[in-house]
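Working notes, beginning with the structure itself.
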Amino acid sequence: MRFPESFVWGAATASYQIEGAVDEDGRGPSIWDTFSRTPGNVAMGDTGDVACDHYHRYRSDVRLMRELGLKAYRFSVAWPRIQADGTGPANPKGLAFYDKLVDALLEAEISPYVTLYHWDLPQSLEDRGGWPVRDTAYRFADYAVAVHDRLGDRVEHWTTLNEPWVSAFLGYGNGVHAPGHKDAGDAERAAHHLLLAHGLAAGRLRELGARSLMLVVNSAPVLTPAQVNDPCSVPSEADAAAVDRIHALLTRRFLDPVLRGSYPDEVRHEVRDGDLEIISAPIDLVGINYYNPCVVQAAPGEPADLAWPGSEGIRFAAADAPTTAMGWPIVPDGLSRLLVRLSRDYPEVGFMVTENGAAFDDVVAGGRVHDEDRIAYLAGHLREVGHAIAAGADVRGYLVWSLLDNFEWAFGYDQRFGLVHVDYATQARTPKDSALWFRDVIAGNGL
Ligand code: FCB
């Protein structure tokens, strides 16, 4: 299976998950520092204090990327390195780190894909209300401009937000992520202000000449249990309505306002005049992070899940499929079903798979990691990307989550998603068999 000549191959990471160096060079605290240091929030009490020490090891990490033949590297900028308390003049030392990283990538002929927000909000902004308050969106746009001012001469690909659904509904809804609040109304306000932040930043970066603007969402096909293994299974009317409602709450709540300038009926927000014009600033690409489908069925009387305000009468169900170490079901053709549908529903943008990957219980033996299960996962999903393209979906690239094993949020270091194994005691990097396999996929532009 060959991919288009221009297809982009790469891997992704995020600042808090790999950088460490949380007190260096003027970085302020983020909500993830506070959250991970609060006992009970993260498995084993793990924090991002050291993580993969990438802040000090970025040069050798970029060398590793070059050896793997990556064409693109998606990383995020830690806002509290640029503005320790989320406002005011940019910190030159914080900017300098990303400046050197970008230069190292370009020298290695790897395209930087910069994400401006992958969940590490400056703690001071949280102290002033965080994403549930409108002002945070305006602070974000100023920060975005500060980063663009420094990197915009070399970086073409800009992503505003990673997975606003997760920031809003896990951060403020069920509280599983920082800042750990449990309030459905706050979560909904956060979702709207994240979109406002996206639109304000997209508009300003475009004026400043940014060539490619992207929003990255965690999307998934919403399926009934029967549809997991039988795409042709016809759901009952009640189940079909449940599927449509969850699709609106997960995916349309972000893509409709951004790409069509309107919220779906299922979503009610306080929207001020002019917000939707700002939010629908033109973008070029939508990034899709796909791991598993969302499986639901109608269940009259079921209360709404804390992370899903508006989901009353719907039950989230297990999928009949093998699982990864995270317990996430492995359903590769969920990715093609999703890409084909979204490409049809939103023909005005291109798509890119900005995250896909799996955690397994890897073992290092004799300097190798034989992660056949990860190779099977990635190959299965890539084949589905190929099928989606053949069916007409406009998919421009595929980035593996993740380059390195790293701090997997509430799961700490227990879950390993990397192509490259990290020994956290020594910081030794060992490319897993999947990394060598992926290198060959890239070299051959296909499977
Ligand atoms: C996504 C996140 C990423 C990583 C993967 C496993 O939701 O964007 O940081 O944690 O899940």
Side-chain angles (χ1 to χ4, degrees), residues 10-20 30-33 35-36 41-43 46-48 51-52 54 73-79 113-121 159-174 176-178 191 194 198 214-220 250-251 254 286-294 307-308 323-331 334-335 338 352-362 371 373-374 377-378 381 398-420 422 432 434:
T13 64
S15 48
Y16 190 71
Q17 294 181 276
I18 64 164
E19 286 179 359
S30 78
I31 55 174
W32 269 96
D33 296 284
F35 185 79
S36 65
N41 285 338
V42 176
D46 288 341
T47 71
C52 307
H54 173 76
Y73 174 53
R74 171 177 179 255
F75 63 93
S76 76
V77 174
W79 185 351
Y113 279 66
V114 173
T115 299
L116 288 161
Y117 187 71
H118 199 129
W119 308 351
D120 39 6
L121 184 72
T159 294
T160 52
L161 309 174
N162 178 69
E163 303 189 353
W165 185 88
V166 172
S167 297
F169 294 98
L170 300 192
Y172 297 90
N174 71 4
V176 165
H177 278 196
L194 281 153
H198 159 80
M214 170 153 71
L215 173 70
V216 169
V217 293
N218 52 303
S219 189
L250 176 65
T251 299
F254 296 102
V286 168
I288 299 295
N289 295 350
Y290 173 76
Y291 293 91
N292 49 252
C294 186
W308 295 91
T323 56
T324 69
M326 293 285 280
W328 293 351
I330 303 173
V331 185
L335 182 53
L338 178 67
M352 179 158 189
V353 177
T354 36
E355 287 182 27
N356 176 239
F360 289 107
D361 296 323
D362 300 318
D371 58 341
D373 34 19
R374 184 171 291 100
Y377 180 100
L378 296 174
H381 285 77
Y398 177 87
L399 311 180
V400 173
W401 184 270
S402 179
L403 176 69
L404 302 168
D405 290 340
N406 60 46
F407 176 81
E408 178 46 36
W409 309 113
F411 295 88
Y413 296 101
D414 201 41
Q415 297 289 333
R416 294 178 175 275
F417 274 90
L419 291 169
V420 175
V422 176
K432 303 176 191 176
S434 58

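Any value given below was found using the heavy atoms of this structure, including those in side chains, with hydrogens, waters and symmetry copies removed. What you are looking at is a predicted structure, and each value in this text was computed from that prediction instead of being measured. In each ligand, atom 1 is the first atom listed, and ligand 1 is the first ligand listed.
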Could you tell me which atoms of ligand 1, counted from 1 in the order shown, lie closer than 4.0 angstrom to a heavy atom of [X]?
{"X": "Trp409", "answer": "3 (C), 4 (C), 9 (O), 10 (O)"}
{"X": "Phe417", "answer": "6 (C)"}
{"X": "His118", "answer": "2 (C), 3 (C), 8 (O), 9 (O)"}
{"X": "Asn162", "answer": "8 (O)"}

Q: Please report which non-hydrogen protein atom sits nearest to atom 5 (C) of ligand 1, along with the residue it belongs to and the distance in Å to one decimal place.
A: Tyr291 OH, 3.3 Å

Q. What residue and atom, counting heavy atoms only, is the protein's closest point to atom 10 (O) of ligand 1, and at what distance?
A. Glu408 OE1, 2.7 Å

Looking only at the side chains, is there a donor atom on one of [X] and [Y] sitting less than 3.5 Å from an acceptor on the other?
{"X": "Thr115", "Y": "Asn162", "value": "no"}
{"X": "Thr13", "Y": "Ser402", "value": "no"}
{"X": "Ser36", "Y": "Tyr16", "value": "yes"}
{"X": "Ser76", "Y": "His118", "value": "no"}
{"X": "Tyr291", "Y": "Asn356", "value": "no"}

Q: On the 0 to 90° scale, with breaks at 30° and 60°, tag the Trp79-Tyr117 ring pair as parallel, tilted or perpendicular.
A: perpendicular

Q) Is Trp328 in polar range of ligand 1, meaning some N or O pair under 3.5 Å apart? A) no

Q | Polar contact flag for Trp119 and ligand 1 (N/O pairs, less than 3.5 Å) | A | no

Q: Please say which of Trp32, Trp165, Phe411, Phe35 ends up in a ring pair (Phe, Tyr, Trp, His ring centres under 6.0 Å) with His177.
A: Trp32

**Q.** Winner among Gln415, Glu355, Glu163 once heavy atoms are compared against atom 3 (C) of ligand 1
**A.** Glu355

